[in-house]
Structure formats: structure tokens, C-alpha cells
Amino acid sequence: MPFTLATWNVNSLRQRLPQVLDWLRRVRPDVLAIQETKLSDHEFPVMAFAEIGYQPLINGQKGYNGVALIARHRMSRPVTELPGDPDDLQRRLLGAACGPLYLLNLYVPNGSEVGSDKYRYKLSWLERLHLFTAELLRREAHLVLLGDFNIAPADEDVHDPAAWQGKVLVSEPERQALRDLLALGLEDCFRRFDQPPGSYSWWDYRGGAFERNDGLRIDLILASAGLAAACSECRIDTRPRALEGPSDHAPVVATFDLHS
DNA sequence: ATGGCGTGCTCTGCACGA
């Protein structure tokens with residue numbers, strides 16, 4: 001029975017709600033992980049999703065960050081922070097069991113500039129994620145990490161690798177942190193399949209970057225080894241990025257053919 | 001080198017994003 005997962009950084013759910021609802025009605029994934037809702041929990045449009053058959057699990061924050069899992073199935077065992085997170089918690093993570101899977105929806109810190117305080121915060125956040133992922137892999141049979149990783153895994157995920165070399169989202173310490181995470185036993189579902197060159201999930205709003213396909217692939221779906229083998233498709237849906245008033249990210253969708 | 005675009009708050013400029 002196919003199980004479809006998607007991730008989308010919506011860059012304000014307040015601004016994007018009609019587009020997100022339209023997309024869910026068309027694509028009907030089992031779960032959509034969204035990032036950058038920029039909404040407090042009490043502002044979240046629960047009813048709008050319920051009306052189209054989806055139940056949200058939310059971890060919100062006023063103005064910045066904020067993540068949610070929108071699912072057609074019951075979710076359980078929620079997790080809203082990483083062990084060791086500072087007290088002034090940024091709402092960047094939401095885990096839950098959903099059907100046969102345990103999902104971890106991530107909005108990895110951007111990092112601002114290599115060498116900045118925010119960059120160091122990004123690397124320390126990735127270290128905490130690494131430790132927590134190792135723990136989850138020990139107890140969950142089928143684990144998926146999905147979301148806005150704010151790291152382009154390799155040069156093929158970057159429209160102009162020479163211009164981006166050493167910059168935030170591409171720098172070696174960030175890529176090494178991602179490789180270390182994968183080495184725990186996760187696979188980048190998108191790269192299990194032949195993909196068109198120039199496949200990206202984010203394009204700057206400025207300078208007609210989307211029209212020129214000047215983008216980065218920073219939105220990822222990582223599956224534990226046994227589960228990745230059941231992944232039958234993974235693609236980036238660029239259509240919403242072409243709409244009027246889009247998010248700067250496109251949704252990424254993966255389908256798993258699970259037995260039993 | 002800068003700003004370019006979009007969003008939300010401190011709200012008519014600023015911080016932040018990628």
C-alpha cells in the first residue's frame with residue numbers, strides 16, 4: 001500500500017494557506033511536513049485543514065520558524081525539541097509516529113554567514129540532531145527525516161557551485177554534518193532515482209532566479225535503510241513555485257510501497 | 001560592493017531569510 005510523504009517550506013502559512021490547501025487537494029499525500037509557518041499555535045488554521053480531511057500537529061512560534069505535520073492519519077508520540085536545546089527554544093522540529101513510520105520534520109537553522117554566531121548555532125543544532133537521530137534509529141523500525149535542511153548536499157544540487165563555494169548552505173562543515181547524519185543509516189530518497197540535471201527546491205525571490213533556474217536543492221527526505229529500499233518515487237513539484245505569490249521553496253514528494 | 005524580494009514586528013524602518 002503506497003504511503004506518500006511531502007515536505008514544503010511555505011514561508012508563512014498565513015500568506016500561503018490557499019496554495020497549501022489547493023496543493024493538498026490535488027496531490028493528497030498521507031502527510032505534509034511544513035516549515036516556517038511563522039504562526040503561534042493559537043493562530044494555526046486547524047479547521048481549514050480538517051475540512052479537507054487533514055489533522056495538524058503543530059509546533060509554532062510567533063513571527064519566525066514554526067513547523068507542523070499535516071496528516072490524513074492519527075499521529076502519536078510527538079517530540080518538539082532536541083535534547084540539549086537552549087531555553088529560548090526556536091520551534092524548528094516536530095517528530096511523530098504516523099502509520100508505519102516515525103517522522104521528524106526539520107527546519108534546520110539557516111546559518112546566516114560562515115563563521116557567524118548563527119553559523120555556529122547551526123552546527124551545534126546539527127550535532128544535537130545527530131545524537132537524537134542515532135537514538136531514534138535504535139528504537140524506530142522506519143524513520144524519516146524530512147524538511148528544510150538548509151544544506152545543499154553536493155555540487156550537483158547547486159546551480160553555480162563556483163559562486164557558492166565555501167558559502168553558507170554549501171560549506172564543508174555543513175556538508176560533513178549532513179554526511180555524518182546519513183552515515184548513521186539514512187538515505188537521500190531523491191538520489192535513489194535518475195533525476196534531471198538542475199533539480200532544485202529553492203530559488204531566491206530576487207533577480208528572476210526561478211525563471212533562470214538558479215536554485216539549490218536544500219529540502220530533503222531522508223529514510224532509514226530498510227525504508228529507503230521501499231521508496232518507489234521521489235520528485236520535486238516545481239508547479240507551486242510558478243504561481244503568483246509563491247513560497248521561495250517547492251514541495252518535495254516521496255512515495256513508499258510498504259507491505260503488510 | 002551592493003542590492004535585489006518577501007515576511008512579520010519593533011510597524012512606515014528593521015531583522016531575518018537562503
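A note on names: the letters A, B, ... follow the listed sequences, proteins ahead of strands, and every chain is numbered from 1.
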Whole-angstrom distance between [N] and [M], as gauged at atom [atom1]:
| N | M | atom1 | answer |
| --- | --- | --- | --- |
| dA18(B) | dG13(B) | P | 26 Å |
| dT10(B) | dA15(B) | P | 13 Å |
| dC11(B) | dG6(B) | C1' | 16 Å |
| dT12(B) | dT7(B) | C1' | 15 Å |
| dC14(B) | dG4(B) | P | 13 Å |

*Nonpolar side-chain network containing V46(A), other nodes, edges under 4.5 Å*: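 V46(A) clusters with W8(A), V10(A), L13(A), L17(A), V20(A), L21(A), W23(A), L24(A), V27(A), L32(A), I34(A), L39(A), F44(A), F49(A), I52(A), Y54(A), I58(A), I70(A), V253(A).
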
*Tracing side-chain links under 4.5 Å among I, L, V, M, F, W and Y, which residues wind up in one group with Y64(A)?*
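None, because no other hydrophobic side chain comes under 4.5 Å of this residue.
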
*Could you note down all residue pairs passing salt bridge (charged side-chain N to carboxylate O under 4.0 Å, His left out) where residues 170-179 of chain A supplies at least one of them, sequence neighbours left out?*
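The answer is K122(A)-E174(A), D155(A)-R175(A), E172(A)-R179(A).
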
*Who passes side chain to side chain donor-acceptor pair (under 3.5 Å) against D219(A), sequence neighbours left out?*
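With neighbours one apart ignored, the set is S201(A), H249(A).
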
*Just jot down the side chain to side chain donor-acceptor pair (under 3.5 Å) partners of Q195(A), sequence neighbours excluded, or say none.*
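Here no residue qualifies.
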
*When every nucleotide of nucleotides 12-18 of chain B is labelled 5' to 3' by its protein contacts under 4.0 Å (heavy atoms), B for base, S for sugar-phosphate only, - for none, what sequence of letters results?*
----SSB

*For dG8(B), take OP1 and OP2 only and decide whether either is under 4.0 Å from a side-chain N or O of R14(A).*
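For dG8(B), OP1/OP2 do have a side-chain N/O of R14(A) under 4.0 Å.
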
Distance, rounded to the nearest Å, where [X] contributes [atom1] and [N] contributes [atom2]:
| X | N | atom1 | atom2 | result |
| --- | --- | --- | --- | --- |
| Q15(A) | dC9(B) | CD | C1' | 13 Å |
| Q19(A) | dT7(B) | CD | C1' | 14 Å |
| K62(A) | dT7(B) | NZ | P | 19 Å |
| L39(A) | dT7(B) | CG | P | 13 Å |

*Taking R241(A) for the side chain and D248(A) for the main chain, is one N or O donor matched with an acceptor at less than 3.5 Å?*
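Yes; judged by distance alone, with no hydrogens or angles, the pair exists.
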
